[in-house]
Amino acid sequence: MKRVLPILVALVVANTSSAQTPPVAPAAGSAVGSAAEAGSAAAPAPAADGSAAAADTGSGAGSAAKGPMITVVPCPAILGHSVVGPDLNPYPSVTKVGDYEVPMNEPVRFELGAQDLLNDTPDGAGIAVQANAPTCLLFKKAATYPVHSSSNAHGSIKVKAWYDVLADMNIEEQGTFWMPKAVNKVADDSDLMFYSVLALSIFFFAGIAFCTIYFVIKYRHRPGHKAEPSASHNDTMEITWTVIPTLITVFLFWYGWQSYIRVVTPPNAAVEIDVLAWRWNWQFTHQNGVTDSDLHVPAGVPVRLVMTSKDVIHSFYAPAMRVKQDVLPRRFTYAWFEPTKPGTYRLTCAEYCGTSHAQMACLATDDTGHCTRRAVVVVHKDLAEYKKYLDDKLADQMNLPPIELGKMLYEKKGCNQCHTVDGSPRVGPSWKQPDWGKMITMDGGEQVKMDENYVRESILVPAAKARPGFQKGAMPTFDTLKDTEIAGLIAYIKSLKQ
Amino acid sequence: MATEESIPESLKTLPQAPVSEPDFLHITKGWKSWAFTLDHKRIGMMYLFGILFSLLLGGSFALLLRTELWAPGKTIVGPDTYNQFFTLHGAVMVFLVIIPGIPAALGNIIMPIQLGAPDVAFPRLNLASFYLWCSGALLLVLTIPFGGLDTGWTLYTPYSLETKTAVMVATSGVFLLGFSSIFTGLNFLVTIHKFRPQGMGWFQLPLNIWAIYGTAIMQVLATPVLGITVLLLTVERFAHIGIFDPTMGGDPVLFQHFFWFYSHPAVYIMIIPGMGVISELISVYARKPIFGYRFVAYSSLSLALLSFLVWGHHMFVSGQSRLANMVFSALTFTVGIPSAIKVFNWVATLYKGDIRLKTGMIYGLSFLLLFTIGGLTGLFLGILSVDVHLHDTYFVVAHFHYVMMGSTLVAFLGALHHWWPKFTGRMYNEAVGQLCGLGVFVGFNITFLPQFVMGARGMPRRYWDYDPQYQIFHQISTIGAYILGFSIFISVVSLIASFKYGKKAARNPWGGSSLEWSAPTPPTLYNFEKPPVVHELYNYDDLVEVAPDRWERLSDAPELQDAKKEAH
C-alpha cells in the first residue's frame, strides 16, 4: 500500500494538473524511483510515507489536493502569513484589486472596502468578494488568477507557497545613513567599530582641513607680505603626533580583532546549512534535504553555513548580517550569524565571478536586463516557523508534478541564467525548441536525436556535445540532481516545444 | 629679504635659456634622434606622452563604465562588455599610468637635474626601460582586439584560468612592464648613490629624491614577484600544471598571496613619488622649508620597507587563517603612521609662509585633503570586523581612488604643471590650469564621496546591475566622473597648446631653490652650462621675483660675482 499510494497520487496529479502532456508513465516511474533512491541529501528513506502523509494533510503538498482550487473559508481569529502587495510590501490582507501574491493552503483575507472582486478563470468560477464584505479564501493550487472589479480595475492574484511569498517581498532597507540595520546578534560590535572610526576620521579630517584652509587664507601672498621665520622642526610635536595616532591605532586593532573573532566563531550551532555556489546560482541545502536558492533561516537561533563552490571563487555577503566569506572550489569555508529580526534581506555575491556576478540566482529580469528578483535571505520569525518551512518545502519538492517540478528547478538551480524559455539563445540554447523528437546537428557534424536521452546527457555530461554556436564545456555538470528532478526537467522542456 | 628697490638691475638681464649651445629639445633633430636618444630628458618626455595617452585610454574606459552604471540593467552595454571596461580601466591605469607615472616621466626628466647630475647612471638601460614600457603597453592594448580581458585587473584564479579572453596577451604585457619598472628603479638607486655633487649629502637631498629613492627600493625588490606570478599564471593557463587550479590539486588562494605580495608595495610605488612631489610643491609655493625634514625623509624609507609586510589585508575574507588576519591587521595599522606624520608636517610647513595659489599649489593642497580622506578610510578597512562588511564593496573602490587618483594622479598633474616650464621652455595658461585644478578637486569628490556611502550600504563592486536603492549614488558619481574627466582633458590640452601659444618661460618661474631651477630653461643636453652650486636646501631668503614669473638669486648678480673675483 505504501508503494502504491504515491503512484496513485502521481496519477491523480498528472490528470488534474494543467499540463498539456500526459506524463503518466514518467510520473509513475519517478515516484517509484524516488522511493527507491537514497538521494544525495539527508531525505528520509520513507519518501513514500512523507508524500502520502502530505497528500492526506494537504498542507504544503503541491497540487495533490482534490476538489475546488479556491474555496471560501471562515476567517480565523489570527491570520497566517502576510500577502505581498503590488508594491512588494507585506500586508495582512488584500485591500484592493491589483497584483498580489498570496500564500497557498491557508486562509487569505480580502478586505476590499467599496470595491468588489470577480474572478476571471474557470478555477474560481463563482467565487467573488463582495464590496464591504471581508471574506477569507483558501487557495489550493500554485497559479496566477486574473481578477477585476465591476468598476473595471484589473489585477492578478498569484498563489505561491507561503515561504516563496516571503522571499518575493521587498528587501528590508531600514537603516542609518551609512548602513542597513544590522540583523545579526554579533553585528553590533563591528558597527560600534565602524561608527567609532567614522567619528575619529571626521575629527582628524576636520582638523587637518581647518588648519590647511586657515593657513592658506592667513598666509596668502599679497603685496608686501612675506614669509616669516619659524622653527623648521619640532621633535616634541613630531613625537606627539606619532605616539597619539599609534595609541589610537592600537585600540582600533585590538577591538577590531576582538569583534572579528566573535563574527567568525560560531557557537555550537543550532542550525547548519550547506551552501553551494556556482556560476551563477546559490544552492542552500538544509539538514532534511530541502534545497532552495533563497536562504531561509530562523530568527533567534545561530545559523552556521558550510560553503563550497563548484567552479570559481564566489563570496557569500549578506549586508544586513555584516557577514562575508569567500566561497572556494574544492575547499570548505564557514560563516555564521544569529538573525534577530524576521524579514527579507539582501544577499549578494561579493567576489567577481564572470558575466552574471551581479545577478547570482536571479529569478526575474525586466527588459533592460535588470534583475528584479535576486536570491534573498528570508529570516523566519522563530525556529518553529523555520521547521515548518523545512517540512512544507520538502513535501513540495517530493510531490510537485513533473512539469511544475521542472519549472521550479529551472529557477532554483539557476538554469535560467544561461537558458531562456522563450526561444532566444543566451549562454546556452533556449529550452523552447521546435526540434523535439527530430535529428539535430551538433558542433562537429554528428547527428543526434533530441529526446529524453539527449536532455539527460546534457544535464549529467554537458561537455560531451555542443550545438553549433555554443561553447562546449561552458555548462557545469548537475550530476547531483536526482532522477525525479531530471524527469521533471525533461517534462518541463517537452512542455515548451513549439 | 631684498626690497623692490634693492634688486640689482643686472639680475633682470641674466640669460634664461642656454647661450653656449641649443637646448636639449633642439640640439638634434629628426625622429631617430628621439628614438635612439640616451638623454634622460627626451626619454622622460617620450614616457610622458605615452603615459598621457594611456591616461586618456584608461579614463575613457572609466567614463564608459560610469555611463553604463547610470541606470540598473543595460544602459549602453551588456554585462560582458562592462566587465571588460572595468578590467581594462584598472589594468591600463595601474600598469601604464600610475605605477610608471611620476618616476618614469617626471623622475626621468627632473631627478638628475635636481641632483645636479648630467644624466642617470645607465642611460642605455634607461632607453631599454622605455622600450620595455612601450612593448608591455602594446601587448596590454592588443588584448582589446584579441578577445579582450574580463578578469578584473587582479586576475584572480580560477576565473582567469577559465575565461576565454586574452589573458596570456595581458600577462605577457605585464611581465615586460615589470622589467621596465625594475630597470628604472635600479637606475635611480645607483644615480642617487653615486651622482650627487659636492655639498649634497643625504640630508641635503630634496625630499622628492628621498621619495624616488624609497620607490626605487620597492621597484627592485617587489616587481620580480609580479613577474614570476604572471609567468606562473601564463604557464598554468597554457600547460595546466596545477599550481592554482584546484581541480588539479592547486590552490587558488596562493595566487592571491603572490599577487598581493607585489601589488601592495606597488601601491606604495604609486604614492611615495607623489608624496615627494608634494614636498616640493608645498615648500616652493609657501616659500618655507618642509617642516620636520628628517621625519619626512625617514618616513619615505619606512613606508618602503613596511609596505612589504601588509599584503594579507587584501585577503581578510579569502579563507586565510585567523592568525594571519590578526598579524596583517596589526601591521596594516603601523603602515598608516608614517603617512600621517607626513601630512602633519606638510600642514605645519604652511605656517607663516607666503602662499601663492599657482596651479601646482592647487594640486598640492588638493593632495593634502584627498590623501587624508584616502588614508583615514584605510583605517576602516584595516579593522577586521569592519572589513568583513566593507570588503569588495564600493567603499574599497572609493578608498583606493582617493589614494591612487585623488593623491597620486593629483600629484602627477601638479608636478607636470610645476616642472612644465623647465623642460618645455613654455608657460602654460595659469588661469586654465587653476580652473582645471579646481575642477579636478570638485569633480573627484562628487564622483567618489557617494561611493563610500553606497559601499557601506552593501553595494558590491564589479556589478553591472544593481538594486534601484543605489541609483542616486551611481548617478551623482557618474556626473562627477564627467566633470573630472573633462577637467583633466582640458588641462592636458592646455599644456600641449602651450608649445605653440605659451609665453617663453624663465629659468626659475616659481622661485624654487633646488638645483633644477638654476639650470637653463630648457636645459642643455647635459643639463647645466656652469657647474651647479648647491645652496641650503629649501632656503628661499636669497630669491627675489625680478619680474612676474621670473625669480633670480641675489647672489647670482654679476656685480657680486665680479666682486668675488676681485676679492680673490
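Atom set for the values below is all heavy atoms of this structure, side chains included, hydrogens, waters and symmetry mates excluded. Convention: sequence-line order gives letters A, B, ...; per-chain numbering from 1.
Looking only at heavy-atom pairs under 4.5 Å with chain A, the residue among B:His391, B:Arg461, B:Arg457 that has the most is B:Arg457. When each of B:Lys74, B:Arg462, B:Met326 is scored by its heavy-atom pairs under 4.5 Å with chain A, the top score falls to B:Met326. Counting heavy-atom pairs under 4.5 Å between each of A:Glu238, A:Lys218, A:Glu228 and chain B puts A:Glu238 at the top. Between chain A and the residues B:Pro289, B:Pro79, B:Ala330, B:Ala286, the largest count of heavy-atom pairs under 4.5 Å involves B:Ala330. Considering only heavy-atom pairs separated by less than 4.5 Å from chain A, the leading option among B:Thr151, B:Thr372, B:Ile337 is B:Ile337. Across B:Val253, B:Thr163, B:Val317, B:Leu161, the residue that shares the most heavy-atom pairs under 4.5 angstrom with chain A is B:Val317. Per-residue counts of heavy-atom pairs under 4.5 Å with chain A were compared for B:Asn345, B:Thr154, B:Val343; the largest is that of B:Asn345.
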- request: Could you walk me through whether B:Phe333 and A:Thr246 pass the side-chain contact (heavy atoms from CB on, under 4.5 Å) test, one step at a time?
  value: CA-CA 8 Å; B:Phe333 284 108; A:Thr246 305; over 6 Å; no

field: Step-by-step side chain to side chain donor-acceptor pair (under 3.5 Å) determination, B:Asn325 to A:Tyr260
entry: CA-CA 10 Å; B:Asn325 281 349; A:Tyr260 169 75; 2.7 Å; yes

Residues B:Ser318, A:Asp326; criterion side chain to side chain donor-acceptor pair (under 3.5 Å); working and verdict: CA-CA 5 Å; B:Ser318 65; A:Asp326 281 4; 5.4 Å; no

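No salt bridge links A:Lys324 with B:Asp392; every basic N to acidic carboxylate O contact stays at or beyond 4.0 Å.
In this structure, chain A has a heavy atom under 4.5 Å from the backbone of B:Tyr466, while its side chain stays farther away. Neither the backbone nor the side chain of B:Gln84 comes within contact range of chain A; no heavy atoms are under 4.5 Å apart. Contact of B:Leu350 with chain A is made through backbone and side chain together, with heavy-atom distances under 4.5 Å. When heavy atoms are compared at a cutoff of 4.5 Å, B:Arg294 does not approach chain A at all. Looking at B:Ile290, the atoms closer than 4.5 Å to chain A (heavy atoms on both sides) all sit in the backbone: N, CA, C or O. For a residue to count as touching a neighbouring chain, one of its non-hydrogen atoms must lie under 4.5 Å from one of that chain's; by this rule B:Tyr538 does not touch chain A. Both the backbone and the side chain of B:Phe380 have a heavy atom closer than 4.5 Å to some heavy atom of chain A. Both the backbone and the side chain of B:Pro158 come within contact range of chain A, judged by heavy atoms closer than 4.5 Å.
Between the side chain of A:Tyr317 and the backbone N or O of B:Leu390 there is no donor-acceptor pair closer than 3.5 Å. With hydrogens and angles ignored, the 3.5 Å screen pairs a side-chain donor or acceptor of A:Arg331 with a backbone N or O of B:Gly319. Remark: the backbone N or O of A:Ala358 is not paired with any side-chain donor or acceptor of B:Asp465 at under 3.5 angstrom.
With a 4.5 Å cut-off on side-chain heavy atoms, B:Lys288 and A:Tyr219 do not count as touching. The side-chain heavy atoms of B:Leu384 and A:Met193, taken from C-beta on, include no pair separated by under 4.5 Å.
A:Cys349 and B:Tyr463 get closest at one heavy-atom pair: O-OH, 2.8 Å.
A tilted orientation is assigned to the rings of A:Phe204 and B:Phe344, their planes being inclined by 30° to 60°.
Paired with A:Thr249 under the rule side chain to side chain contact (heavy atoms under 4.5 Å, CB included), one option of B:Leu379, B:Val335, B:Thr334 passes, and it is B:Leu379.
If you look at B:Phe86 and A:Tyr352, their ring centroids are closer than 6.0 Å.
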